[in-house]
Amino acid sequence: MRIKVLKPVRTDGKTIPAGSVHSARFMPGNPPSAQIISGEHMGAVLQHESFMFLDGDIDYESENKQLRREIGKLKEEIEIQKEAYRIRYHTVSLPWKVAEAIKQLRSEGLHDPQIICNSFNHSNYYRSDCPTRNALGKFCLEGMENAQKLMTALVNGYEVKPPTTDDLRYAIDVVVKEWNESGDRDLRNFDHRLVLAGMIGEYLGSLKIE
(Lines give C-alpha, C1' and ligand atoms only; values in the text may rest on other atoms or scores of the structure.)
Protein backbone atom coordinates (compact mmCIF):
# COMPACT_ATOMS: atom_id res chain seq x y z
CA MET A 1 0.00 0.00 0.00
CA ARG A 2 1.01 3.64 -0.31
CA ILE A 3 0.85 6.51 2.12
CA LYS A 4 1.13 10.28 1.74
CA VAL A 5 3.06 12.22 4.37
CA LEU A 6 0.95 15.08 5.75
CA LYS A 7 3.67 17.01 7.59
CA PRO A 8 7.47 16.89 7.73
CA VAL A 9 8.71 14.01 9.88
CA ARG A 10 12.24 13.98 11.32
CA THR A 11 13.66 10.47 11.70
CA ASP A 12 17.23 9.11 11.86
CA GLY A 13 18.65 12.53 11.10
CA LYS A 14 16.62 12.88 7.93
CA THR A 15 13.43 14.73 7.18
CA ILE A 16 10.60 13.04 5.30
CA PRO A 17 8.97 15.93 3.43
CA ALA A 18 5.27 16.66 3.54
CA GLY A 19 3.41 15.56 0.42
CA SER A 20 5.85 12.74 -0.38
CA VAL A 21 4.39 9.34 -1.24
CA HIS A 22 5.91 6.07 -0.06
CA SER A 23 5.28 2.33 -0.13
CA ALA A 24 4.53 1.25 3.41
CA ARG A 25 3.13 -1.52 5.51
CA PHE A 26 0.31 -1.14 7.94
CA MET A 27 1.23 -1.53 11.64
CA PRO A 28 -1.81 -2.30 13.81
CA GLY A 29 -2.14 -0.61 17.14
CA ASN A 30 -4.16 1.97 18.98
CA PRO A 31 -3.65 4.24 17.20
CA PRO A 32 -2.23 2.49 14.10
CA SER A 33 0.99 3.49 12.39
CA ALA A 34 2.82 2.76 9.14
CA GLN A 35 6.39 1.75 8.28
CA ILE A 36 8.03 2.81 5.03
CA ILE A 37 9.34 -0.29 3.24
CA SER A 38 11.37 1.12 0.35
CA GLY A 39 13.45 4.07 -0.73
CA GLU A 40 15.64 6.47 1.19
CA HIS A 41 13.46 6.42 4.30
CA MET A 42 12.96 2.65 4.44
CA GLY A 43 12.29 1.46 7.97
CA ALA A 44 10.95 4.78 9.25
CA VAL A 45 7.76 4.48 11.31
CA LEU A 46 5.17 7.24 11.00
CA GLN A 47 2.46 7.86 13.56
CA HIS A 48 -1.14 8.07 12.40
CA GLU A 49 -1.33 11.87 12.52
CA SER A 50 1.65 12.17 10.15
CA PHE A 51 0.25 10.36 7.09
CA MET A 52 -2.83 9.29 5.20
CA PHE A 53 -3.57 6.16 3.22
CA LEU A 54 -4.05 6.72 -0.47
CA ASP A 55 -7.48 5.51 -1.58
CA GLY A 56 -7.43 2.42 -3.70
CA ASP A 57 -4.05 1.28 -2.37
CA ILE A 58 -5.26 -0.38 0.82
CA ASP A 59 -6.00 -4.09 0.69
CA TYR A 60 -8.35 -4.10 3.66
CA GLU A 61 -8.89 -7.86 3.62
CA SER A 62 -5.14 -8.49 3.66
CA GLU A 63 -4.59 -5.92 6.40
CA ASN A 64 -7.39 -7.42 8.48
CA LYS A 65 -5.87 -10.88 8.14
CA GLN A 66 -2.49 -9.52 9.20
CA LEU A 67 -4.11 -7.75 12.13
CA ARG A 68 -5.86 -10.96 13.23
CA ARG A 69 -2.59 -12.88 12.98
CA GLU A 70 -0.79 -10.34 15.14
CA ILE A 71 -3.63 -10.33 17.67
CA GLY A 72 -3.47 -14.13 17.76
CA LYS A 73 0.28 -14.03 18.42
CA LEU A 74 -0.25 -11.47 21.15
CA LYS A 75 -2.86 -13.68 22.82
CA GLU A 76 -0.49 -16.65 22.68
CA GLU A 77 2.29 -14.60 24.28
CA ILE A 78 -0.08 -13.45 27.02
CA GLU A 79 -1.13 -17.04 27.76
CA ILE A 80 2.50 -18.14 27.89
CA GLN A 81 3.32 -15.32 30.31
CA LYS A 82 0.28 -16.14 32.46
CA GLU A 83 1.30 -19.80 32.65
CA ALA A 84 4.88 -18.88 33.52
CA TYR A 85 3.60 -16.56 36.26
CA ARG A 86 1.26 -19.28 37.57
CA ILE A 87 4.09 -21.80 37.76
CA ARG A 88 6.50 -19.36 39.38
CA TYR A 89 4.12 -17.78 41.85
CA HIS A 90 1.57 -20.56 42.28
CA THR A 91 0.18 -20.74 45.79
CA VAL A 92 -1.12 -23.96 47.28
CA SER A 93 -3.72 -24.67 49.94
CA LEU A 94 -2.42 -26.29 53.09
CA PRO A 95 -4.35 -27.98 55.88
CA TRP A 96 -4.82 -25.67 58.82
CA LYS A 97 -2.72 -27.89 61.11
CA VAL A 98 0.24 -27.80 58.68
CA ALA A 99 -0.02 -24.04 58.25
CA GLU A 100 -0.04 -23.59 62.02
CA ALA A 101 3.06 -25.77 62.27
CA ILE A 102 4.92 -23.64 59.70
CA LYS A 103 3.93 -20.46 61.53
CA GLN A 104 5.13 -21.79 64.87
CA LEU A 105 8.44 -23.13 63.56
CA ARG A 106 9.19 -19.85 61.79
CA SER A 107 8.40 -17.99 65.01
CA GLU A 108 10.95 -20.21 66.76
CA GLY A 109 13.59 -18.97 64.33
CA LEU A 110 13.78 -21.98 62.00
CA HIS A 111 14.55 -21.20 58.37
CA ASP A 112 12.54 -22.74 55.54
CA PRO A 113 15.35 -25.11 54.39
CA GLN A 114 15.53 -26.48 57.94
CA ILE A 115 11.77 -27.02 58.00
CA ILE A 116 11.89 -28.87 54.67
CA CYS A 117 14.83 -31.11 55.60
CA ASN A 118 13.43 -32.02 59.01
CA SER A 119 9.95 -32.64 57.60
CA PHE A 120 11.26 -35.04 54.96
CA ASN A 121 13.55 -36.89 57.35
CA HIS A 122 11.75 -39.90 58.84
CA SER A 123 13.93 -39.70 61.96
CA ASN A 124 13.12 -36.06 62.71
CA TYR A 125 9.65 -34.51 62.71
CA TYR A 126 7.80 -37.75 61.98
CA ARG A 127 9.10 -39.31 65.20
CA SER A 128 9.00 -36.07 67.20
CA ASP A 129 7.07 -35.86 70.47
CA CYS A 130 6.21 -32.26 69.57
CA PRO A 131 2.68 -32.26 68.05
CA THR A 132 3.56 -29.38 65.74
CA ARG A 133 6.63 -31.05 64.26
CA ASN A 134 4.90 -34.43 64.16
CA ALA A 135 2.04 -32.95 62.12
CA LEU A 136 4.48 -31.72 59.48
CA GLY A 137 6.37 -34.99 59.35
CA LYS A 138 3.19 -37.02 58.90
CA PHE A 139 1.92 -34.65 56.22
CA CYS A 140 5.08 -35.01 54.12
CA LEU A 141 5.35 -38.77 54.49
CA GLU A 142 1.76 -39.29 53.37
CA GLY A 143 2.91 -38.89 49.77
CA MET A 144 5.14 -37.06 47.32
CA GLU A 145 2.33 -34.67 46.40
CA ASN A 146 2.22 -33.36 49.98
CA ALA A 147 6.00 -33.00 50.04
CA GLN A 148 5.82 -30.95 46.83
CA LYS A 149 3.05 -28.82 48.31
CA LEU A 150 5.16 -28.01 51.34
CA MET A 151 8.13 -26.93 49.21
CA THR A 152 5.91 -24.81 46.97
CA ALA A 153 4.20 -23.25 49.99
CA LEU A 154 7.47 -22.26 51.64
CA VAL A 155 8.76 -20.68 48.41
CA ASN A 156 5.65 -19.07 46.92
CA GLY A 157 3.31 -18.69 49.87
CA TYR A 158 0.14 -20.57 50.66
CA GLU A 159 -3.52 -20.35 51.49
CA VAL A 160 -4.90 -21.95 54.62
CA LYS A 161 -7.87 -24.29 54.57
CA PRO A 162 -10.40 -23.61 57.34
CA PRO A 163 -9.76 -25.74 60.44
CA THR A 164 -11.83 -28.87 60.80
CA THR A 165 -13.40 -30.02 64.06
CA ASP A 166 -10.48 -32.43 64.51
CA ASP A 167 -8.05 -29.55 63.97
CA LEU A 168 -9.67 -27.56 66.75
CA ARG A 169 -9.64 -30.56 69.06
CA TYR A 170 -5.96 -30.99 68.30
CA ALA A 171 -5.26 -27.31 68.98
CA ILE A 172 -7.11 -27.37 72.30
CA ASP A 173 -5.24 -30.52 73.28
CA VAL A 174 -1.96 -28.68 72.64
CA VAL A 175 -3.13 -25.80 74.82
CA VAL A 176 -4.13 -28.22 77.61
CA LYS A 177 -0.72 -29.89 77.48
CA GLU A 178 0.95 -26.50 77.70
CA TRP A 179 -1.31 -25.58 80.63
CA ASN A 180 -0.34 -28.76 82.50
CA GLU A 181 3.32 -28.75 81.45
CA SER A 182 4.44 -28.77 85.08
CA GLY A 183 2.12 -31.68 85.87
CA ASP A 184 0.59 -30.05 88.92
CA ARG A 185 -2.64 -28.71 87.42
CA ASP A 186 -5.99 -29.98 88.67
CA LEU A 187 -9.23 -29.57 86.72
CA ARG A 188 -11.15 -29.74 90.00
CA ASN A 189 -9.44 -26.52 91.06
CA PHE A 190 -11.49 -23.50 89.99
CA ASP A 191 -8.46 -21.20 89.64
CA HIS A 192 -6.68 -23.78 87.49
CA ARG A 193 -9.76 -24.18 85.30
CA LEU A 194 -10.01 -20.40 84.97
CA VAL A 195 -6.44 -20.18 83.71
CA LEU A 196 -7.07 -22.98 81.20
CA ALA A 197 -10.27 -21.34 79.96
CA GLY A 198 -8.40 -18.09 79.45
CA MET A 199 -5.64 -19.83 77.48
CA ILE A 200 -8.16 -21.63 75.25
CA GLY A 201 -10.14 -18.43 74.70
CA GLU A 202 -7.02 -16.46 73.85
CA TYR A 203 -5.92 -19.12 71.37
CA LEU A 204 -9.29 -19.39 69.65
CA GLY A 205 -9.51 -15.61 69.49
CA SER A 206 -6.17 -15.48 67.68
CA LEU A 207 -7.39 -17.69 64.84
CA LYS A 208 -7.86 -15.98 61.48
CA ILE A 209 -10.42 -17.85 59.44
CA GLU A 210 -11.40 -16.39 56.09
Check Arg193 with Asp186, please: is the shortest side-chain N to carboxylate O separation under 4.0 Å?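 Looking at Asp186 and Arg193, the cut-off is not met.
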Pair Lys97 + Glu100, salt bridge at N-O below 4.0 Å: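 No, no charged N to carboxylate O under 4.0 Å.
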Is it true that, when you exclude Glu49 itself, more than 12 heavy atoms of the residues, nucleotides or ligands shown sit nearer than 6.0 Å to its CD?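 Check passes, neighbour count above 12.
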With rounding to the nearest 0.5 Å, note down the distance linking [atom1] in [X] to [atom2] in [Y].
{"X": "Arg185", "Y": "His192", "atom1": "CZ", "atom2": "NE2", "value": "5.0 Å"}
{"X": "Ile3", "Y": "Ser50", "atom1": "CD1", "atom2": "OG", "value": "9.0 Å"}
{"X": "Leu136", "Y": "Phe120", "atom1": "CG", "atom2": "CZ", "value": "10.0 Å"}
{"X": "Gln104", "Y": "Leu110", "atom1": "CD", "atom2": "CG", "value": "10.0 Å"}

side-chain hydrogen bond (donor to acceptor under 3.5 Å, both in side chains) with [X]: which residues, sequence neighbours excluded?
{"X": "His22", "value": "Ser20"}
{"X": "Asp184", "value": "Ser182"}
{"X": "Thr15", "value": "Arg10"}

Side-chain donor or acceptor of [X] paired with backbone N/O of [Y] under 3.5 Å:
{"X": "Glu79", "Y": "Glu76", "result": "no"}
{"X": "Asn118", "Y": "Gln114", "result": "yes"}
{"X": "Gln35", "Y": "Gly43", "result": "yes"}
{"X": "Asn146", "Y": "Phe139", "result": "yes"}
{"X": "Ser119", "Y": "Ile115", "result": "yes"}
{"X": "Asp12", "Y": "Lys14", "result": "no"}

Between [X] and [Y], is any pair of side-chain heavy atoms under 4.5 Å apart?
{"X": "Cys140", "Y": "Leu150", "value": "yes"}
{"X": "Val195", "Y": "Trp179", "value": "yes"}
{"X": "Leu194", "Y": "Asn189", "value": "no"}

Does anything in residues 128-141 pair up under salt bridge (charged side-chain N to carboxylate O under 4.0 Å, His left out), and if so which pairs, sequence neighbours excluded?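 Only Glu108-Arg133 qualify under salt bridge (charged side-chain N to carboxylate O under 4.0 Å, His left out).
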Closest contact, heavy atoms only, Ala18 versus Lys7: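 Where Ala18 meets Lys7 most closely, the heavy atoms are CB-CA, 3.7 Å.
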Taking all non-hydrogen atoms of both residues, which atom of Pro32 and which atom of His48 are closest, and how far apart?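 Shortest heavy-atom contact: O-CB, 3.2 Å.
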Can you list the steps and then say if Gln47 with Ser33 is a side chain to side chain donor-acceptor pair (under 3.5 Å)? CA-CA 5 Å; Gln47 301 305 314; Ser33 56; 5.0 Å; no
Please go through Met42's hydrophobic cluster and name the other residues, only I, L, V, M, F, W, Y counting, with side-chain heavy atoms under 4.5 Å joining them.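 In the cluster with Met42 there is nothing else; it is isolated.
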Under the side chain to side chain contact (heavy atoms under 4.5 Å, CB included) test, which residues partner Lys161, sequence neighbours left out?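 With sequence neighbours excluded, Lys161 shows a side chain to side chain contact (heavy atoms under 4.5 Å, CB included) to Ser93, given in chain and number order.
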Please determine whether side chain to side chain contact (heavy atoms under 4.5 Å, CB included) holds for the pair Leu154 and Ile102, giving the CA-CA distance in whole Å, both sets of side-chain angles, and the decisive distance to 0.1 Å. CA-CA 9 Å; Leu154 293 176; Ile102 293 173; 3.9 Å; yes
